[in-house]
Amino acid sequence: MIEIDHLTKRYGSHTAVSDLCLTVEPGQIYGFLGPNGAGKSTTMNIMTGCLAATEGTVRIDGHDIFDEPAQAKALIGYLPEQPPLYLDMTPLEYLGFVAQVKGVGREARKRQLSRAMEVTQIEGVKDRLIKNLSKGYKQRVGIAQALLGDPKVVILDEPTVGLDPIQIIEIRDLIRELGKEHTVILSSHILSEVRAVCQRIMIISRGKLVASDTPDNLEKLFAGTA
Ligand code: ATP
């Protein structure tokens, strides 16, 4: 579903992502694990077509994000680290607005809005102003907007940062739900977080791939028993 081929991103003399190669199979929940500054957001921003690569390619379901941006972007839903929520709108108004911006037609819009609100369980707050919602609900609204356009791939950049333990468990459950119908990429700097929901994990450090495997194999590898 996703092929990252020899991807490199340089900012001047600083290399943020270095010769990264990765394949994500359809239906996988795939974790990007690494400390702050490892290159997770940079990789995600390139995968979503928000940032140009210095070298290398990213293909989404066979479509090159640089050569066929419209086809590739149509397959992706993205929750950035700081989603641009309009705080003075209600979730219903905001999601309607995002659907329109994404070019979703009126009939499909109704269906997609209702599915996005159902999956993220925000129907009960859909008419309240976003600024009055808890952080957990704001994040659900962010995830709901990523589902508009019926993407095959959902990319979530550190979706649990700043949430309390209960909200974190709820967002994890939601990510597992998303994994039933989408290929999901989840970034985090917390091992237990990706371990809890991901079938595969890549560990990235200073822009370089350190390892990519199942959570169990990675645990054995780092325990020295593999
Ligand atoms: P975090 O968890 O803190 O978001 P990350 O793993 O997502 O970390 P990135 O944000 O991708 O890491 O950053 C990778 C490296 O690239 C860091 O050293 C960062 O300082 C650098 N970097 C990111 N954006 C820019 C930019 N616009 N200009 C220069 N350097 C940048």
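Whatever order the structure lists ligands and atoms in, that order sets their numbers, starting from 1. All figures in this text were calculated on a predicted structure; none of them were measured in a lab. Basis for what follows: all heavy atoms, side chains included, without hydrogens, waters or symmetry-related copies.
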Can you figure out which of H14, E158, H189 has its heavy atom closest to atom 2 (O) of ligand 1? E158

If the plane angle is over 60° it's perpendicular, under 30° parallel, otherwise tilted; pick one for Y30 and F32. perpendicular

Verify atom 20 (O) of ligand 1: protein non-hydrogen atom under 4.0 angstrom away: no

Donor-acceptor contact below 3.5 Å, side chain R140 vs main chain T120: yes

Take every heavy atom of G34, measure it against each atom of ligand 1, and state whether any distance is under 4.0 Å. no

Closest protein heavy atom (residue, atom, distance) for atom 23 (C) of ligand 1: Y11 CE1, 3.6 Å

Just need the protein heavy atom nearest to atom 16 (O) of ligand 1, so name the residue and atom and give the distance. A16 CB, 3.2 Å

Say whether I190 and L156 are linked into one hydrophobic cluster, either directly or through other cluster members, by side-chain heavy-atom distances under 4.5 angstrom. no

Of the choices G12, S41, A38, which has the non-hydrogen atom that lies closest to atom 10 (O) of ligand 1? S41

Counting non-hydrogen protein atoms only, what is the nearest one to atom 4 (O) of ligand 1? Give residue, atom name and distance. E81 OE1, 3.2 Å

I143 with V125, same ILVMFWY side-chain cluster at under 4.5 Å: no

Under 4.0 Å to a heavy atom of P35 - the qualifying atoms of ligand 1, by number: 6 (O)

Considering the heavy atoms of T42, write down every atom of ligand 1 situated less than 4.0 Å from one of them. 9 (P), 11 (O), 13 (O), 14 (C)

Which residue supplies the protein heavy atom nearest to atom 12 (O) of ligand 1, what is that atom called, and how far is it? G39 N, 3.1 Å

Give me the residue, atom name and distance of the protein heavy atom closest to atom 1 (P) of ligand 1. G37 N, 3.7 Å

For P159, does its backbone N or O pair with a side-chain atom of Q139 as donor and acceptor, under 3.5 Å? yes

K40 side chain vs G34 backbone, donor-acceptor pair below 3.5 Å: yes

Between K102 and A74, is there a donor-acceptor pair closer than 3.5 Å when you use the side chain of the first and the backbone of the second? no

Mind telling me whether Y86 and Y94 have parallel, tilted or perpendicular rings, with 30° and 60° as the class edges? tilted

